[in-house]
Amino acid sequence: MFRVAIVGSGPAGVYAVEALTRRGDVAVDVFDRLPSPFGLVRYGVAPDHPKIRSISAALTGVLEHPDVRFLGNVDVGRDISLAELRSYYDAILVASGAAVDRRLGVPGEDLAGSFSATEFVAWYNGHPDAPIDAFTVDARSVAVVGMGNVAVDVVRLLAKTADDLRSTDMPDHVLAVLERSHVTDIHMVGRRGPAHAKFTTRELRELGEIANADVLVDEAELELDPVSEQLLATQPATRRNLDVLRGWATRQPSGRPRRLHLRFWQRPVEVVGDRRVAGLRTEHTQLDEAGNVVGTGHIFTIDAQMVLRSVGYRGLPVPGLPFDERTATVPNDEGRVVGTKGPETGLYVAGWIKRGPTGVIGTNKHDARQTVASMLEDAPNLPPAPVRDPEAVLALLAERGVVAVDWAGWLAIELAEVELGQQRGSARARITQRDALLQAAMRGVIPQTTPAGGDGP
Ligand code: NAP
């Protein structure tokens, strides 16, 4: 068997497994630093998007292949190095994603009450690294910076009521905070115009379907300059977004308890406040002839006691791999890692660490297949790993006291989450603390049939 280690069990990693196992002579070990698989499908996709979450059922099928082992709770780089992995595997593919947020780079960004959307998403999805008490949501008015799908997710979840979300697997401590939320106004702030927004139409439309909130759009901000006109003429998705926004601009608010203000042409220049956030200062913008955003010098202050910065993710360097600080990706040629002296034998990347944080989940399928094609093309010329015994790497981890969660362990976690959900009347509820996840995994209950509901198989 050709032996491959995959680092990261998010969509890119699992789609790579799928492409590899088609061959029939490849054994794959999938490492994840978390006790659970699926990366952002579990910890990024919003709990009120069960259809997108259900992708995990297909990913489950891939990881249940007899030639695949899941090794959760193993941090490659801390528990075992990439260099060590090379003793056990003929090739290594890193699909570690983009773990942190991009910075706004304005004064006041670190005031209390200013958070990255990454932190908020991790908290409401019960990520084991997110402190339970990270958020209180006692702000009346929240400014969300960015016009991407993550910004739409956080705006939607702030606008909904806890009751709207109770049937999801959202953790109890999050529901309790949302139940006490004081939010009345949510400002979604874009530094460019509506034709440049990154959100997709389906996600945008959902904002208009929230029973608890009115969506407010200023018609004047939807006026199009020649650059935007051009985009509209060539991009059907942009036209659809504009149609939705224009519909809202002409609608009278109906007095619902919460208001979503979609604000275009506002570039953040400062998060203001004395120790705590008191507002977001923005400068009005326009496009110059070359299509670049320029400030007009008109400054506004948006009333806000909480700021959520949703301006994209950023990849982290992977110990042992080259890293391009500018793009926050690993330099590569069709997935082959490229160092200063050319391709690094036997090392590959896929997903966001390869191409940057763009695209929807399905984009990773094509991306991972490209990398696997490069790997399999190289395979006949790769030096075989010296250690061939599949148990040897497990023995090394055990020797170091690393508790690796295998597939049976993950199924036990799923079962425990279903039981937890039943206690409160939802199909499933998240176990959020790492210790509790490990405890559930170690119960070692291997169900004969996999549990239904939530994001499980
Ligand atoms: P994104 O789509 O890249 O959006 C980032 C937003 O931040 C853009 O509006 C960008 O504006 C703005 N921005 C960047 N730097 C800024 C700055 N310094 N000041 C003000 N605004 C700034 O990123 P994302 O929302 O994090 O999403 C990441 C990926 O996940 C995307 O591919 C997204 O589609 C995907 N995703 C999909 C779903 C779904 O399908 N339901 C849900 C969540 C995420 P500019 O355009 O002006 O740069």
Side-chain angles (χ1 to χ4, degrees), residues 1-33 37-39 59-96 318-321 330 332 334-337 339 343-351 353-354 364 367-400 402-410:
M1 297 290 263
F2 183 64
R3 289 186 46 73
V4 179
I6 297 208
V7 181
S9 65
V14 180
Y15 287 135
V17 177
E18 187 178 43
L20 282 165
T21 48
R22 287 224 181 97
R23 275 263 302 237
D25 60 349
V26 183
V28 191
D29 282 353
V30 186
F31 293 87
D32 203 294
R33 70 183 191 87
F38 311 140
L59 303 182
T60 293
V62 174
L63 294 184
E64 285 183 335
H65 190 285
D67 295 331
V68 176
R69 295 191 300 191
F70 173 67
L71 297 170
N73 198 42
V74 180
D75 189 331
V76 173
R78 188 195 62 192
D79 298 327
I80 185 165
S81 69
L82 268 188
E84 286 172 319
L85 281 186
R86 298 188 77 155
S87 302
Y88 304 93
Y89 300 95
D90 305 316
I92 299 168
L93 186 156
V94 177
S96 53
V318 181
L321 292 188
V330 171
N332 70 93
E334 298 195 344
R336 295 177 178 94
V337 173
E344 302 252 5
T345 311
L347 288 177
Y348 302 84
V349 280
I353 197 67
K354 169 187 174 187
N364 293 295
D367 178 305
R369 281 183 185 162
Q370 183 198 51
T371 298
V372 167
S374 298
M375 184 193 288
L376 294 178
E377 193 183 312
D378 299 348
N381 301 316
L382 293 176
V387 182
R388 303 307 300 173
D389 177 4
E391 298 307 310
V393 72
L394 303 183
L396 177 74
L397 290 170
E399 203 177 283
R400 292 181 177 172
V402 179
V403 180
V405 173
D406 61 7
W407 193 251
W410 164 239

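Excluded from the calculations below are hydrogen atoms, water molecules and symmetry mates; all remaining heavy atoms, backbone and side chain alike, are included. For clarity, every value in this text was computed on a predicted model and none was experimentally measured. This chain uses plain numbering: 1 for the first residue, then up along the sequence.
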Can you give me the closest heavy-atom contact between F38 and P11, atom names plus distance? O-CD, 3.9 Å

Quick one: list whatever passes salt bridge (Lys or Arg N to Asp or Glu O under 4.0 Å) with E399, sequence neighbours left out. none

Checking side-chain contact (heavy atoms from CB on, under 4.5 Å) for the pair L71/L394: CA distance, chi angles, key distance, verdict? CA-CA 9 Å; L71 297 170; L394 303 183; 3.6 Å; yes

Determine the minimum heavy-atom distance between L382 and G346, stating which atoms define it. CD2-N, 3.6 Å

Minimum heavy-atom separation for G351 to D367, with atom names? N-OD1, 3.0 Å

What residues form a side-chain contact (heavy atoms from CB on, under 4.5 Å) with L321, not counting sequence neighbours? L82, V94, V318, V330, V337, L347, V349

Tightest non-hydrogen contact, residues Y88 and A385, listed as C-CB, 3.6 Å

Within-4.5 Å side-chain heavy-atom neighbours: P37 and V30: no

V372 vs L376 side-chain heavy atoms within contact, under 4.5 Å: yes

Under 4.5 Å between any side-chain heavy atoms of D67 and M1, yes or no? yes

Test item: L20 and I6 side chains (from C-beta on) under 4.5 Å apart, heavy atoms: yes

Quick one: list whatever passes salt bridge (Lys or Arg N to Asp or Glu O under 4.0 Å) with D378, sequence neighbours left out. R336

Taking atom OG1 of T21 and atom CG of L63, what is their separation to the nearest 0.5 Å? 9.5 Å

Here the side-chain hydrogen bond (donor to acceptor under 3.5 Å, both in side chains) pairs for residues 1-16, sequence neighbours left out, are S9-D32

Between V68 and V62, is any pair of side-chain heavy atoms under 4.5 Å apart? no

What's the separation between atom NE2 in H65 and atom CD in E18, rounded to the nearest 0.5 Å? 10.5 Å

What closest approach, in Å, do A5 and L85 show between heavy atoms, and which atom pair accounts for it? CB-CD1, 4.4 Å

Walk me through whether Y89 and V393 qualify under side-chain contact (heavy atoms from CB on, under 4.5 Å). CA-CA 10 Å; Y89 300 95; V393 72; 3.4 Å; yes

Could you tell me whether the side chain of N73 and the main chain of V405 form a donor-acceptor pair under 3.5 Å? no

How would you list, by chain and number, every residue that makes a side chain to side chain donor-acceptor pair (under 3.5 Å) with R400, sequence neighbours excluded? E84

What pairs with D389 under salt bridge (Lys or Arg N to Asp or Glu O under 4.0 Å), at least two apart in sequence or on another chain? none

To the nearest 0.5 Å, what is the distance between OG1 on T371 and OH on Y348? 9.5 Å

Tell me if a side-chain donor or acceptor on R69 pairs with a main-chain N or O of P390 at a distance below 3.5 Å. yes

Heavy-atom closest pair, residues A16 and A368: N-CB, 3.6 Å

Determine whether N332 and E344 make a side-chain contact, defined as any pair of heavy atoms from C-beta on separated by less than 4.5 Å. no

Check whether D79 reaches the backbone of V74 with its side chain - one donor and one acceptor, N or O, closer than 3.5 Å. no

Side chains of R33 and R78: closer than 4.5 Å at any heavy-atom pair? no

